[in-house]
Visitor: 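Structure below; questions to follow.
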Amino acid sequence: MTSEPHRATKSTVVGLLAIDAVLIVIFAMIGISSHDGNLDPTSIARVAIPFLIPYLILAAGIKPTRLIHNIFPMGVILWLSTVILGPILRAALFNDTSALAFILVTAGVLALLLIGRRIISTLVTRRKQTT
């Protein structure tokens with residue numbers, strides 16, 4: 001999956017970045033609910049925002065019309081950056097700690113969601129180009 005990335009329209013990029021943002025919010029909701037937490041907007045924001053900030057800033061800055069579907073290396077770099085910077089921002093913004101177990105689960109769930117979305121969008125784009 002390292003072939004030349006397909007060019008996407010700006011509306012496609014905005015849509016896919018919105019999907020990625022929703023996936024990060026879903027990650028936050030899954031985490032909160034798995035610990036019997038309250039799924040109010042403040043709780044969700046408190047968990048999601050530290051991961052949304054680095055992901056969306058980095059994603060917007062990487063020539064997204066060329067790389068929105070790219071799995072490797074950009075998708076992996078975005079995922080790793082989000083996993084690394086998210087807990088740091090959690091601590092900086094909300095004084096929340098991140099245990100190793102939290103970071104490992106975060107890495108796995110965000111890989112499934114964010115890299116998985118890229119795999120699906122790449123397959124859909126390739127299928128459209130061959131038909």
Side-chain angles (χ1 to χ4, degrees):
M1 303 230 169
T2 59
S3 66
E4 181 68 19
H6 305 289
R7 184 168 294 282
T9 64
K10 287 183 182 182
S11 62
T12 298
V13 169
V14 169
L16 291 174
L17 289 177
I19 289 170
D20 289 345
V22 168
L23 291 171
I24 291 172
V25 170
I26 289 170
F27 150 75
M29 293 171 70
I30 291 168
I32 293 166
S33 65
S34 71
H35 295 286
D36 297 322
N38 188 357
L39 287 174
D40 63 275
T42 303
S43 297
I44 295 168
R46 186 178 181 112
V47 175
I49 286 173
F51 296 93
L52 284 168
I53 290 170
Y55 184 82
L56 293 174
I57 288 172
L58 292 168
I62 60 159
K63 299 180 185 173
T65 56
R66 299 257 316 141
L67 299 171
I68 195 68
H69 302 298
N70 191 261
I71 297 161
F72 187 83
M74 289 316 306
V76 173
I77 290 169
L78 282 168
W79 162 69
L80 279 174
S81 299
T82 303
V83 169
I84 292 166
L85 295 173
I88 293 168
L89 286 175
R90 241 172 90 88
L93 297 174
F94 301 112
N95 203 27
D96 287 338
T97 60
S98 298
L100 179 59
F102 172 82
I103 294 169
L104 293 175
V105 170
T106 295
V109 172
L110 287 178
L112 179 69
L113 295 174
L114 298 176
I115 305 274
R117 195 280 300 157
R118 279 182 148 69
I119 290 169
I120 292 167
S121 67
T122 296
L123 293 173
V124 168
T125 300
R126 286 183 182 167
R127 183 177 171 116
K128 285 181 182 178
Q129 289 181 343
T130 60
T131 56

Visitor: Nearest heavy-atom pair of Ser81 and Leu58: which atoms, and what distance?
Guide: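 Taking Ser81 first and Leu58 second, the nearest heavy atoms are CB-CD1, 3.3 Å.
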
Visitor: Please report the interatomic distance CD1(Ile77) to CZ(Phe72), rounded to the nearest 0.5 Å.
Guide: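 So the gap between those two atoms works out to 7.5 Å.
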
Visitor: When you look at CG of Asn95, are more than 12 heavy atoms from neighbouring residues, nucleotides or ligands closer to it than 6.0 Å?
Guide: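 Result for CG/Asn95: open.
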
Visitor: Cluster question for you: counting only ILVMFWY and a side-chain heavy-atom cut-off of under 4.5 Å, with indirect links fine, are Leu80 and Phe102 together?
Guide: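 Yes: a chain of side-chain contacts under 4.5 Å links Leu80 to Phe102.
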
Visitor: Taking side-chain hydrogen bond (donor to acceptor under 3.5 Å, both in side chains) as the test, write out the residues that go with Ser98, two or more places apart.
Guide: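 Only Arg90 meet the side-chain hydrogen bond (donor to acceptor under 3.5 Å, both in side chains) criterion with Ser98.
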
Visitor: How far apart are the closest heavy atoms of Pro50 and Leu89, and which atoms are they?
Guide: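 Heavy-atom minimum between the residues: O-CD1, 3.5 Å.
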
Visitor: For Arg46, enumerate each residue passing the side-chain hydrogen bond (donor to acceptor under 3.5 Å, both in side chains) test, keeping only those at least two apart in sequence or located in another chain.
Guide: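 Partners of Arg46 under the side-chain hydrogen bond (donor to acceptor under 3.5 Å, both in side chains) test: Asp96.
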
Visitor: Report yes or no: does Trp79 contribute a side-chain atom to a donor-acceptor pair with the main-chain N or O of Ala107 at less than 3.5 Å?
Guide: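 Side chain of Trp79 to backbone of Ala107, a donor-acceptor pair under 3.5 Å: yes, one is there.
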
Visitor: So which heavy atom on Ser121 is nearest to which on Thr125, and how close?
Guide: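 For Ser121 and Thr125, the tightest heavy-atom pair comes out as O-OG1, 2.8 Å.
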
Visitor: Kindly compute the distance separating CG (Leu16) from OG1 (Thr9), expressed to the nearest 0.5 Å.
Guide: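 Here the interatomic distance stands at 8.5 Å.
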
Visitor: Out of curiosity, Ile71 CD1 to Arg117 CZ, how far, rounded to the nearest 0.5 Å?
Guide: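 Ile71 atom CD1 to Arg117 atom CZ measures 9.0 Å (nearest 0.5 Å).
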
Visitor: How close do Pro54 and Gly86 get, counting heavy atoms only, and between which atoms?
Guide: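 The pair with the smallest heavy-atom distance is CG-N, 4.3 Å.
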
Visitor: Measure the spacing between CG of Asn70 and OG1 of Thr122 and express it to the nearest 0.5 Å.
Guide: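 Separation between the atoms: 7.5 Å.
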
Visitor: Same cluster for Ile30 and Val22 if Ile/Leu/Val/Met/Phe/Trp/Tyr side chains link at under 4.5 Å?
Guide: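 Yes, same cluster.
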
Visitor: Within the 4.5 Å heavy-atom criterion, are Phe27 and Thr106 side-chain neighbours or not?
Guide: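 Side chain of Phe27 against side chain of Thr106, heavy atoms only: contact under 4.5 Å found.
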
Visitor: So which atom in Leu78 and which in Ala59 form the shortest heavy-atom distance, rounded to 0.1 Å?
Guide: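 Looking at all heavy atoms of both residues, the shortest contact is CD2-N, 3.4 Å.
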
Visitor: With the 4.5 Å side-chain cut-off for hydrophobic clustering, are Ile53 and Val25 part of the same group?
Guide: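 No, Ile53 and Val25 fall in different hydrophobic clusters.
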
Visitor: Rounded at 0.5 Å granularity, tell me how far CZ in Arg118 sits from CD1 in Ile19.
Guide: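 If I round to the nearest 0.5 Å, the distance is 11.5 Å.
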
Visitor: Going through the checks in order, is the side-chain contact (heavy atoms from CB on, under 4.5 Å) test met by Tyr55 and Leu110?
Guide: CA-CA 11 Å; Tyr55 184 82; Leu110 287 178; over 6 Å; no

Visitor: Nearest 0.5 Å, what's the CG-CD1 distance between Leu39 and Ile44?
Guide: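 The CG atom of Leu39 sits 5.0 Å away from the CD1 atom of Ile44.
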
Visitor: Do Leu56 and Phe94 share a hydrophobic cluster, counting only Ile, Leu, Val, Met, Phe, Trp and Tyr and linking them when any side-chain heavy atoms are less than 4.5 Å apart?
Guide: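 Different clusters: Leu56 never reaches Phe94 through Ile, Leu, Val, Met, Phe, Trp or Tyr contacts under 4.5 Å.
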
Visitor: Which residue in the set Val47, Asp20, Ile24 passes side chain to side chain contact (heavy atoms under 4.5 Å, CB included) when paired with Leu52?
Guide: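 Of the listed residues Val47, Asp20, Ile24, the side chain to side chain contact (heavy atoms under 4.5 Å, CB included) partner of Leu52 is Ile24.
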
Visitor: Are Val13 and Ile119 connected into the same hydrophobic cluster when the rule is that any two of I, L, V, M, F, W, Y join if their side-chain heavy atoms are below 4.5 Å apart?
Guide: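 Looking at the clustering, Val13 is in the same group as Ile119.
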
Visitor: If you look at every heavy atom in Pro87 and Phe51, which pair is closest and at what distance?
Guide: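 Minimum heavy-atom separation between Pro87 and Phe51: CD-CE2, 3.7 Å.
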
